[in-house]
Amino acid sequence: MPDRPLRLRFAPSPTGFFHVGGARTALYNWAIAQRLGGTFVLRIEDTDEARNQPEWTQGIIDALAWIGIHTADPHFEGPYFQSEFATEHVAAAMRLFQAGRAYYCDLTGDQIQERAKLTGKPGYDNSSRDRGLEAGPGRVLRFRVPEGTTVVDDLVRGAVSFDNSNIEDFVLLRGNGTPMFLLANVVDDVTMRISHVVRAEEHLPNTPKQQMLWQALGAVPPVWAHVPVLVNEQRKKLSKRRDKVAVEQYRAEGFLADAMVNYLMTLGWAPSGETEIVAWSRIVDEFRLEDVNHSPAFFDVKKLTAFNGEYIRAMTVSQFIEACAPFLAADDVPWQRERFNPSVFSEMAELVQTRVARLDEVAAMVDFLFLADAPIDDAAFAKVMAVPTSLALLTEVAKAYEVAEWNHEALKETLEAIGDGYGLKLGKAQAPVRVAVTGRTIGPPLFESLQVLGRDETLRRVRAAVDRYGAAPA
RNA sequence: GCCCCCAUCGUCUAGUGGCCUAGGACACCACCCUUUCAAGGUGGCGGCACGGGUUCGAAUCCCGUUGGGGGUGCCA
């Protein structure tokens, strides 16, 4: 355990979106920083490409904020950019050279391959070690890997040991003098006095190199914790190309931040007790890196969706209405924007709330209320009108609803009575009315919908359906 | 090739030598409820990869096999 204040660094590389795997790692760091009163340090790996796309960095900050990691929080520090420490990267490399811990090498890639072919061992054979080369154009600075074994003490995996003879003298400075990522990364961590490095498992094989660098630089290495990666159904690491990994996209699809956070935390870890649905405060209290699973976890959108449904249902109706607002005013909404009536939606909201698992499903559930001409699904219409009594029933309903009291109880009783006349139970009797009015066979409870829709519009649609049936060939 | 990591229902997990006839969740199926669809309730299906040890006793410890993943750049 390094003797320094708790500082955890999260170092994503901006790529134009924020990866769900990165989100989980950030959450791990965040939970620990909050519980132990440490600092969450955000350090962005700014590549040339990322530097030309400042909105990528902003995207990371926005996505972090969405999952509850705010720059204004006292535990939050940063963002820092790797380039801010560039001069220190080179300076550290020079110190290593002067101390004899690094040396120059003028071998080209081709020469290295040639030698490898001769020895039968792939890679660089450390043959420049004792040639005493000085700095020069085209010469790289290599770290002199010491003899022995490097043991990485990992909070998740325990002691992992590496035989140094399997680690070749790696490059610190390129032929043009610029630092390699590995060096930059370690120097940044040393400079910022990072105490804990919590990151994805894929970095474990490079950790001995980093640890040797820490030690060569005269610093006590951090506590390492390599958490398992997130995989797809093929058990491959989640990738931008193949998989849907952007948290921004899940947000746009109407996943709630709390649900996402909760679900992400159950991947590789489980809260104590009877349920996995737990508040962030519980997670902060209970989360331990030592308890994180060792094997990769499949990011299961179905389960995420189920969590999301639970979170939606746990909201109060007014919270739900508020959460739906952006999805009902979106550009791709199925109705003309000016036809949307918030108070009509409010009346229906409670009925919709138990019927969606994602906020982006809401619009399709209430669209018939705001569409001038609710499109009738042909298959549904055909199916429902194939019942011989449907036409007569619809005609009778149109008549009865002209005078019925306009509330859902009365509307239900009226239809129930008409259905009785045809020997139909309510479940069957409501079907043609539902299709006539909403265009579909499924949807929110019918009579409540009619009540909200109003008498005039209901009658218009029922009559239109009768006409439509009459117009169709028998 | 070499190195490292991993292995409990389809999936995510609980389990740290006896409370395990392996518990929960998602998914799936059935039933109940019901105004369609949901939600809710009840029940069901389904797993310790394999082989050796150690032990009175192993999902749990050790070794091996098999299978998966990752790393191995003058990429980040």
Side-chain angles (χ1 to χ4, degrees), chain A residues 11 13-15 45-50 82 105 107-109 112 120-124 138-142 152 154 156-157 160-163 165-168 170-178 180-182 184-185 200-209 226 228-229 231 233-237 263 266-277 293-307 309-310 312-313 351-357 365 380 384 408 411-412 415-416 419 425-431 433-435 438 440-449:
Chain A
S13 43
T15 51
E45 294 173 6
D46 51 339
T47 57
D48 287 343
E49 195 184 12
Q82 194 135 49
C105 167
L107 261 35
T108 64
I112 289 169
K121 277 189 173 178
Y124 168 64
R139 292 181 177 177
V140 301
L141 185 71
R142 287 183 184 273
V152 172
D154 192 284
V156 175
R157 281 148 217 287
V160 183
S161 68
F162 299 82
D163 187 340
S165 65
N166 287 317
I167 303 172
E168 65 180 43
F170 51 94
V171 174
L172 261 19
L173 257 27
R174 298 187 183 87
N176 65 9
T178 57
M180 293 287 287
F181 172 75
L182 188 85
N185 212 20
E201 180 192 5
E202 64 206 78
H203 297 287
L204 184 53
N206 278 322
T207 305
K209 294 180 190 171
H226 289 90
V229 293
V231 297
E233 44 274 87
Q234 278 85 242
R235 302 256 113 205
K236 296 270 202 303
K237 196 172 72 174
Y263 174 66
T266 66
L267 254 25
W269 178 79
S272 69
E274 62 303 322
T275 173
E276 296 175 309
I277 307 283
N293 248 269
H294 297 185
S295 42
F298 170 56
F299 185 83
D300 186 358
V301 179
K302 275 193 177 167
K303 189 159 179 178
L304 201 214
T305 306
F307 270 49
E310 294 251 5
I312 285 176
R313 276 171 258 128
L351 268 9
V352 173
Q353 195 174 351
T354 57
R355 289 174 169 76
V356 294
M365 190 136 284
V384 106
H408 66 92
L411 294 171
K412 178 185 170 189
L415 183 59
E416 220 162 12
K425 290 229 192 295
L426 188 54
K428 293 279 184 202
Q430 57 93 43
V433 180
R434 175 182 294 282
V435 172
T438 73
R440 306 191 189 92
T441 55
I442 59 167
L446 181 62
F447 305 107
E448 288 79 352
S449 300

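So that the names make sense, note that chain A is the first sequence line, chain B the second, and so on, each numbered from 1. For the numbers below, each heavy atom of this structure counts, side chains included, while hydrogens, waters and symmetry mates do not. Remember, predicted model here, so these are calculated numbers, not experimental data.
- Between the side chain of A:Arg355 and the base of B:U36, a donor-acceptor pair under 3.5 Å is found.
- Taking both residues in full, the closest heavy atoms of A:Thr305 and A:Ala357 are given as CG2-CB, 3.5 Å, listed atom of the first, atom of the second, then distance.
- B:C61 and B:U8 have their P atoms separated by 13 Å, with the value rounded to a whole Å.
- One distance of note links OG1 of A:Thr438 with CG of A:Leu446; it measures 7.5 Å at 0.5 Å rounding.
- Look at B:G1: its Watson-Crick or wobble partner, with both distances under 3.5 angstrom, is B:U72.
- OP1 or OP2 of B:C75 sits under 4.0 Å from a side-chain N or O of A:Arg174.
- At the heavy-atom level, A:Leu267 lies under 4.0 Å from the strands shown only through sugar-phosphate atoms.
- Here the separation of B:C62 from B:U55, taken at their P atoms, is 16 Å to the nearest Å.
- Using atom P as the reference point in both B:U60 and B:A7, the two lie 12 Å apart (nearest Å).
- Ion pair A:Lys121/A:Glu168 not flagged as a salt bridge, since none of the NZ, NE, NH1 or NH2 atoms sits closer than 4.0 Å to an Asp/Glu carboxylate oxygen.
- Spacing between B:U65 and B:C6 at atom C1', rounded to whole Å, works out to 15 Å.
- With hydrogens and angles left out, the side-chain atoms of A:Thr178 and A:Arg174 include a donor and acceptor closer than 3.5 Å.
- When the side-chain nitrogen and oxygen atoms of A:Lys237 are compared with OP1 and OP2 of B:G71, one or more of them lie within a distance under 4.0 Å.
- For A:Asp300, counting side-chain heavy atoms from C-beta on, the closest listed nucleotide (B:C4, B:A14, B:U11) is B:U11.
- Look at the C1' atom in both B:G46 and B:G73: the space between them is 46 Å, to the nearest Å.
- Under 4.0 angstrom from either OP1 or OP2 of B:C12 there lies at least one side-chain N or O belonging to A:Arg235.
- Counting atom types as modelled, A:Lys303 pairs no side-chain N or O with a base atom of B:A27 as donor and acceptor under 3.5 Å.
- Comparing B:C19 with B:C33, their P atoms sit 40 Å apart, to the nearest whole Å.
- Looking at A:Glu202, its side chain has no donor and acceptor atom pair within 3.5 Å of the base of B:G69.
- Applying the 4.0 Å criterion to OP1 and OP2 of B:A76, one finds that A:Asn206 has every side-chain N and O outside that range.
- In the set B:G71, B:G73, B:U35, the nucleotide with an atom closest to the side chain of A:Met180 is B:G73.
- Distances shorter than 4.0 Å separate none of the side-chain N or O atoms of A:His294 from OP1 or OP2 on B:C5.
- Taking each heavy atom of A:Val229 and A:Ala200 in turn, the nearest pair found is CG1-CB, 4.2 Å.
- Of the C1' atoms belonging to B:C56 and B:C32, the separation is 49 Å, rounded to the nearest Å.
- Of the nucleotides present, B:U66 is the one that pairs with B:A7 by Watson-Crick or G-U wobble criteria, both distances under 3.5 Å.
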